Amino acid sequence: MKKVAIIGTGYVGLATAAILSNTDIKVYTVDIDEDKIDIIKEGRSYFFETGLDEFVKKGVESGNLVPTTEYEEAIRESDVVFSCVGTPDKADGSSDLKYIYQVAEEVAKQCANSDKEEIIFVQKSTVPVGTGEKLVEFMKDVNSELKVNYVSNPEFLREGAAVFDTLNIDRLVIGSDNSESAEKVKGIFRKVFDLAQELDHSEYSEYANAYHDKLEALNEADFDDKVFVMDIKSAELVKVTANAFLALKISFANSIAKLSDKAGSNISEVMDGVGADPRIGRSFLYAGLGWGGGCFPKDVSGLIATANEHGVDLPIMDAAVLENAEMVGFVADKVVDLTPEHGKVAVLGLSFKPGTSDVRKSPAIRLANRLIDEGFEVVAYDPQAMEEAEEFLSDVVVLKDDIDSALDGVDAVVIATDWNVFKGYDWDKGKGLMSGDVVVDGRNCLDSERVRGAGLRYVGVGQ
Ligand code: UDX
């Protein structure tokens, strides 16, 4: 039986570990945090991610998923190790690689302890280009007897659709200078591809809609056509470049949305027309409060920092960051303009996007705090992220238990995250609860006709 160790139990590590353990691979899922491992041992995830618990549970029950805080057994038993730990951003925007190096050191040491002479070390964490080369040297310094077959295997899964994306591989990027290792890694993901053919994906695809219409094609396409084997440095650059381009697309849509606002156009219809061109594509052209989360902000700042280290300027990315920073103020100004007496406003949504409880760099939190600064009384509700949000919200923001209690007696409501429950809300009922009539749709996700039909004033971003 094939055995692998996956270090780090975040969105990437745990989703990969749980799904691989539902094939015939035995997976050691390693984290230094005992609390997290204890929860995984109970057969569930310690964070909210649609569909993930089911795979964790099956993996743990079958014995194929082994949650542990001990590197020793995990590394001794495995000939492939995946590094899936975080690379948070530092104050200067560059990536903090301390966890990456801790994992590399631990793996090299444990290989020495178990007399292992060779290991395939797969880097799934997002690291700056050139990191692989440095890590191999570093691991050699720790354990000179060890042959490290380094593979860069960037991960593209989205939070909220992590299970869906892990199963529905759109591309598999393998950066390696050793064809045997590349083949082994490819073989592991072939099993995921085969598993995906047998499953009904509807249960965990609620927020995977950007891919929905492609699902059939994705799974029908030949696995080999999805695999891109390249050198390590190229693979390292793929991930950050992909994220930077997506962030750029959103910021571009937001720039045009500002023009659309002034000109009286409708940005959603504009982008429907623009995105119908297959060279452009409709996805990631949805205007609104902008991008946040654990990836885009740090990957973009990390790319800019790496480029600068190489003496290269990336003004196009500087502009994308600036545009993104402005969107919260742009939406807040709408609330201010429509509610000149200020008063009380409900912020619906706190997570950085729907389908997740993650509030890292969430524009929704910045919006709630900004409205406090503007002098509003702010109440807020999120279906999943209230606990996480509390730490980052101004103390005076009052959290409510549901949409109805959030809307009770407010002058205005602003949609900050495009959760489906907000889209499907009964705005006739909302009108009865609110004392004012202003609805600012910061994600352009509501049916404006329905909102207006309820006697409310609807305003979106660029429409
Ligand atoms: C992203 C990448 O999509 C994924 O491939 C990578 O592996 C990790 O980073 P994620 O951070 O989970 O995934 O979120 P994503 O769905 O990409 O959304 C990022 C942000 O952009 C969210 O705040 C979202 O609300 C915003 N967004 C997205 C828009 O404002 N408009 C859009 O059109 C799309």
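Note that the structure is a prediction, hence the values are computed from the model and not measured. Counting convention: from 1, in listed order, for ligands and their atoms alike. Numbers here are sequence positions counted from 1.
For atom 23 (O) of ligand 1, the nearest non-hydrogen atom of the protein is F352 O, 2.8 Å. Given atom 1 (C) of ligand 1, the protein heavy atom at minimum distance is F296 CE1, 3.4 Å. Scanning the protein for heavy atoms near atom 15 (P) of ligand 1, the closest one is K353 NZ, 3.6 Å. Protein heavy atom closest to atom 12 (O) of ligand 1, with residue, atom name and distance, is E159 N, 2.7 Å. Protein heavy atom in closest approach to atom 25 (O) of ligand 1: R443 NH1, 3.3 Å.
When heavy-atom distances to ligand 1 are checked against a 4.0 Å cut-off, K239 comes that close only through its side chain, counted from C-beta outward. Contact annotation: for L157 versus ligand 1, heavy atoms closer than 4.0 Å belong to the backbone alone. Contacts between L285 and ligand 1, counted as non-hydrogen atom pairs separated by less than 4.0 Å, involve the backbone only.
Judged as a side chain to side chain contact (heavy atoms under 4.5 Å, CB included), and not counting sequence neighbours, the contacts of V66 are K26, Y28.
If you number the atoms of ligand 1 from 1 as listed, the ones under 4.0 Å from a heavy atom of F284 come out as 17 (O), 28 (C), 32 (C), 33 (O), 34 (C). Close approach of ligand 1 to C295 (heavy-atom distance below 4.0 Å) involves ligand atoms 8 (C), 9 (O), 11 (O).
Among T417, D358, I250, V461, the residue whose heavy atom lies nearest to atom 27 (N) of ligand 1 is I250. Taking each of M327, R158, E155 in turn, the one with a heavy atom nearest to atom 13 (O) of ligand 1 proves to be R158.
F55 carries K58 over the face of its six-membered ring, with the cationic atom under 6.0 Å from the centre and within 45° of the normal.
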Derivation and outcome, salt bridge (Lys or Arg N to Asp or Glu O under 4.0 Å), residues D261 and K334: CA-CA 11 Å; D261 230 46; K334 284 178 184 285; 2.7 Å; yes
